[in-house]
Amino acid sequence: MPELILGIETSCDETAAAVVADGHDVRSSVVSSQIDIHARYGGVVPEVASRAHVEMMVPVVAQAMVEAGVEPGDLTAVASTVGPGLIGSLLIGVSTAKSLALVWDRPFVAVNHLEAHLYSAFLEDQDLELPLITLLVSGGHTMLVLMEGHGQYRLLGQTLDDAAGEAYDKVARYLGLGYPGGPAIDALAAEGDPQAIAFPRGMKNDGYDFSFSGLKTSVVNHVRKNPDVDTADVAASFQEAVVDVLITKARRAMAETGARGLCLAGGVAANSSLRQRALDVAAEDGLKAFIPSRSMCTDNAAMVAAAGFHRFGSDGPAALDHGANSSLRLPTLT
Ligand code: KG4
Ligand code: ZN
């Protein structure tokens, strides 16, 4: 019998539920995005997000169960993201998952959102060989992680200021491209020249940490000084600088740790240039690139169910008085 996990994700502005068998076989994955609701404010408004989660949570869970064709009694466990994220949003998913676990008499599993992103590649590729370098790039995080085994992570570096997705969103807002900025810059960059403007590559050859706030400031200064500049060139040159730094460090990390491949994870992993460059460098270095489909890179509950499957196997169920933690860290080896 397959082990079926119901995953629930509400850490930011996506209300999501999914049923996954044995940690990789996606039976259903339902994502209700609030992008349209938040776009008019230019970013996620926490209180608005929480209220939208309350409205959508139960219908989204019901749809995930129906699409998967499973009954509550078929489930091995109910897993939910418990952090990091917006606290009001997290509480909706955690409370829902614990209530369902109690009523259905199933174990509850607490999932770290960052660990869930690391598992997105496992949903689509059964041949992942460890150790792997995972570049986790989202709206709130930019991390270079060495994955040695299930639940065995070493954090090699992270951003010292803005996350990569945050830089995309801020630059897009400045350029008047709307929210979320990542997809907008990605699309506009395709029409521009990535070599047009030599934006700075913060910390490119300096360790594994990242810094993107200087790049953002540099874009703003350049546009102020050159008001007639082609916005597509700005988008393409900005993207080139971000991807250059991310890929250079990931490549060095693979060489220095002896990793067998490169995984991309998080919303920014949906970026076309980053995806192409990851494939190119892995091929040049004789290594593998594991690039989840775009829908599995951005927030979803299938990755929560996958991580929940492995966490349940290693740690067993979590207590029903488990809370949510907005600043939860990735559990790492010391
Ligand atoms: O992982 P995610 O869905 O939510 C967080 O956990 O943060 O990531 C959202 C971030 C946003 O900053 C968004 O602008 C960025 O991912 N993003 C992209 C692209 N699609 C989404 N950034 C660059 N290129 C994209 N195609
Ligand atoms: Zn995320």
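Below, each value reflects all heavy atoms present in this structure, side chains not excepted, and no hydrogens, waters or symmetry copies. Just follow the structure's listing: the first ligand is 1, and inside any ligand the first atom is 1.
Contact record, S89 with S50: N-OG, 3.6 Å, taken as the closest heavy-atom pair. Contact between F199 and A241 at its shortest, heavy atoms only, is CB-CB, 4.2 Å. Nearest approach of S293 to E124, heavy atoms of both residues: OG-OE2, 2.6 Å.
By the criterion of a heavy-atom distance under 4.0 Å, the side chain of H117, and not its backbone, is placed next to ligand 1. Contacts with ligand 1 closer than 4.0 Å are made by heavy atoms of both the backbone and the side chain of T298. Residue contacts with ligand 1, taken as heavy atom pairs separated by less than 4.0 Å, involve D186 solely via side-chain atoms from C-beta onward.
Atom 24 (N) of ligand 1 has its closest protein heavy atom at N271 ND2, 3.0 Å. In this structure, the protein non-hydrogen atom closest to atom 14 (O) of ligand 1 is D169 OD1, 2.7 Å. Protein heavy atom closest to atom 18 (C) of ligand 1, with residue, atom name and distance, is G182 CA, 3.4 Å.
Residue contacts with ligand 1 do not include R294, since none of its heavy atoms lies under 4.0 Å from the ligand. Within the structure, the closest approach of Q239 to ligand 1 does not fall below 4.0 Å when heavy atoms are considered. Assignment of G140 to the shell around ligand 1 is supported, since a heavy atom sits closer than 4.0 Å.
Of all the atoms in ligand 1, the ones that sit under 4.0 Å from a non-hydrogen atom of G139 are 5 (C), 7 (O), 8 (O), 9 (C), 10 (C), 12 (O). Atoms of ligand 1 lying under 4.0 Å from any heavy atom of G165, numbered from 1 in the order shown and given with element: 12 (O). Close approach of ligand 1 to A270 is summarised as follows: ligand atoms under 4.0 Å from at least one heavy atom of the residue are 20 (N), 26 (N). Heavy-atom contacts of H113 reach the following atoms of ligand 1: 6 (O) (cutoff under 4.0 Å). Per-residue contacts place G267 under 4.0 angstrom from the following atoms of ligand 1 (heavy atoms of the residue considered): 1 (O), 2 (P), 8 (O), 16 (O), 17 (N), 18 (C), 19 (C), 20 (N), 21 (C).
At a 3.5 angstrom cut-off on N or O pairs, E14 does not count as close to ligand 1. Note: no N/O pair closer than 3.5 Å links S272 and ligand 1 by distance alone. Considering backbone and side-chain N/O of D299, one or more are found under 3.5 Å from N/O of ligand 1.
Linking Ile, Leu, Val, Met, Phe, Trp and Tyr residues whenever their side-chain heavy atoms come within less than 4.5 Å places L274 and I185 in a single cluster. V30 and V70 are members of different hydrophobic clusters when ILVMFWY side chains are connected at heavy-atom separations under 4.5 Å.
Salt bridge status for R51 with E55: absent, with no side-chain N to carboxylate O gap under 4.0 Å.
For R251, the salt bridge (charged side-chain N to carboxylate O under 4.0 Å, His left out) test picks out E284, D285, with sequence neighbours left out.
Checked against the 6.0 Å centroid criterion, the rings of H150 and Y119 qualify as a close aromatic pair. In this structure, the ring of F122 has its center no less than 6.0 angstrom from the ring center of F290.
Under a 3.5 Å cut-off, the side chain of R106 and the backbone N or O of L75 do form a donor-acceptor pair.
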Check your understanding: Given the rule in the side-chain hydrogen bond (donor to acceptor under 3.5 Å, both in side chains) test, do S213 and D162 qualify, once you have shown the distances and angles that lead to the verdict?
Key -> CA-CA 6 Å; S213 72; D162 290 349; 5.3 Å; no
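Side-chain contact between L177 and Y168 is absent, with no heavy atoms from C-beta onward closer than 4.5 Å. For the pair L279 and I291, the minimum side-chain heavy-atom distance is below 4.5 Å. In this structure, T298 and R294 have side chains that are not in contact, with every pair of non-hydrogen atoms separated by 4.5 Å or more.
By the criterion of a separation under 2.8 Å, the protein N/O/S atoms near the Zn ion (ligand 2) amount to H113 NE2, H117 NE2, D299 OD1.
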